[in-house]
Amino acid sequence: MEKHHIDVMIDEAAVDNRIKELGKQISRDYAGREVYLIGILKGSVYFTCELAKRITVPVIMDFMQCSSYGAATKSSGVVKLSKDLDMAITDRDVIIIEDIIDSGRTLSHLKDLLSQRNPASLKICTLLDKPSRRVVDVDVDYTGFQIEDKFVIGYGLDYDQLYRNLPYIGVVEFD
């Protein structure tokens, strides 16, 4: 691993406040209904759990694992699905939960795959969005923060599997 240091980009209080706001918005949007959250492993686990705690309508949680990264810091462009859902999503209101949307490749692939399973609705929620890195257009319904093109870690985001447990969003600066 290259020598590096971490600078705080978004502190813990700001992340927590924004997740509360997203929880209220989703609760209003799905009032009187049940929502099926699909967290994308591994990065979205922290965000998915914190968001679910702040949604007041009934929530079902499930997880999928797919990626286009491997151990690199840039998208490989190859999407790999390694864990599918445990339950059917037919006629359910589904929200895909991501930690970060970068190129859009993984999420575009995943949205196409899940659309074929006939959910009642299918929306996307991400903690972080890097629109400047987009290669594939993806409509995001709920966004925590739009950020510039920096390599970020914390709150589920990792650098070679490290730093997911940081309670804030940090920028990795290489020395």
How close do [X] and [Y] get, counting heavy atoms only, and between which atoms?
{"X": "L110", "Y": "C66", "value": "CD2-SG, 4.0 Å"}
{"X": "R33", "Y": "P58", "value": "O-CD, 3.5 Å"}
{"X": "L122", "Y": "P119", "value": "CB-CG, 4.1 Å"}
{"X": "L37", "Y": "A52", "value": "CD1-CB, 3.8 Å"}
{"X": "K111", "Y": "I96", "value": "CA-CD1, 4.3 Å"}
{"X": "I153", "Y": "Y159", "value": "CG2-N, 3.6 Å"}

Point to revise | D99/Y155 under side chain to side chain contact (heavy atoms under 4.5 Å, CB included): CA gap, chis, key distance, verdict | key: CA-CA 8 Å; D99 53 354; Y155 223 89; over 6 Å; no
Atom pair [atom1] ([X]) and [atom2] ([Y]), whose distance is rounded to the nearest 0.5 Å:
{"X": "Y36", "Y": "I89", "atom1": "OH", "atom2": "CD1", "value": "7.0 Å"}
{"X": "E173", "Y": "K150", "atom1": "CD", "atom2": "NZ", "value": "5.5 Å"}
{"X": "I97", "Y": "L22", "atom1": "CD1", "atom2": "CG", "value": "9.0 Å"}
{"X": "L107", "Y": "I101", "atom1": "CG", "atom2": "CD1", "value": "4.5 Å"}
{"X": "M87", "Y": "I60", "atom1": "CE", "atom2": "CD1", "value": "4.5 Å"}
{"X": "E98", "Y": "T48", "atom1": "CD", "atom2": "OG1", "value": "8.5 Å"}

Practice item. Scan for salt bridge (charged side-chain N to carboxylate O under 4.0 Å, His left out) pairs involving residues 113-125, sequence neighbours excluded, and state none if there are none. Key: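 The answer is D84-R117.
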Indicate yes or no for a side-chain donor-acceptor contact from [X] to the backbone of [Y] under 3.5 Å, with no hydrogens or angles considered.
{"X": "R134", "Y": "D102", "value": "yes"}
{"X": "D141", "Y": "C125", "value": "no"}
{"X": "T126", "Y": "L128", "value": "yes"}
{"X": "D62", "Y": "D86", "value": "yes"}
{"X": "T56", "Y": "S27", "value": "no"}

Same apolar cluster (I L V M F W Y, side chains within < 4.5 Å links), [X]/[Y]:
{"X": "M61", "Y": "I26", "answer": "yes"}
{"X": "I124", "Y": "L113", "answer": "yes"}
{"X": "M64", "Y": "V136", "answer": "no"}
{"X": "L162", "Y": "V172", "answer": "yes"}

Do [X] and [Y] come close enough that some side-chain heavy atom pair is under 4.5 Å?
{"X": "I169", "Y": "I147", "result": "no"}
{"X": "R164", "Y": "V45", "result": "no"}
{"X": "L114", "Y": "L85", "result": "yes"}
{"X": "L157", "Y": "Y46", "result": "no"}
{"X": "V152", "Y": "F145", "result": "no"}

**Study point:** Check against side chain to side chain contact (heavy atoms under 4.5 Å, CB included), D112 and H109
**Key:** CA-CA 5 Å; D112 289 346; H109 174 80; 6.0 Å; no
Practice item. Report the C-alpha separation of E34 and D93 in whole Å, then their side-chain angles, then the decisive distance to 0.1 Å, and conclude whether the side chain to side chain contact (heavy atoms under 4.5 Å, CB included) test is met. Key: CA-CA 7 Å; E34 173 184 279; D93 291 309; over 6 Å; no
Review point. Relative to each other, are the rings of Y142 and Y30 parallel, tilted or perpendicular (30° and 60° limits)?
Key: tilted
Check your understanding: In terms of heavy-atom contacts, does NZ of K24 have more than 12 from other residues, nucleotides or ligands at under 6.0 Å?
Key ->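 Count not over threshold, so no.
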Review point. For atom CG of D139, is the number of surrounding heavy atoms from other residues, nucleotides or ligands below 6.0 Å larger than 12?
Key: no
Exercise for review: May I have the step-by-step check of side chain to side chain contact (heavy atoms under 4.5 Å, CB included) for I6 and Y168, ending in yes or no?
Suggested key: CA-CA 11 Å; I6 300 165; Y168 59 85; 4.2 Å; yes
Check your understanding: Do any pairs count as a side-chain hydrogen bond (donor to acceptor under 3.5 Å, both in side chains) and have a residue in residues 3-23, sequence neighbours left out, and if so which ones?
Key ->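 The answer is H4-Y163, H5-D175, D16-K20, D16-R54, R18-E21.
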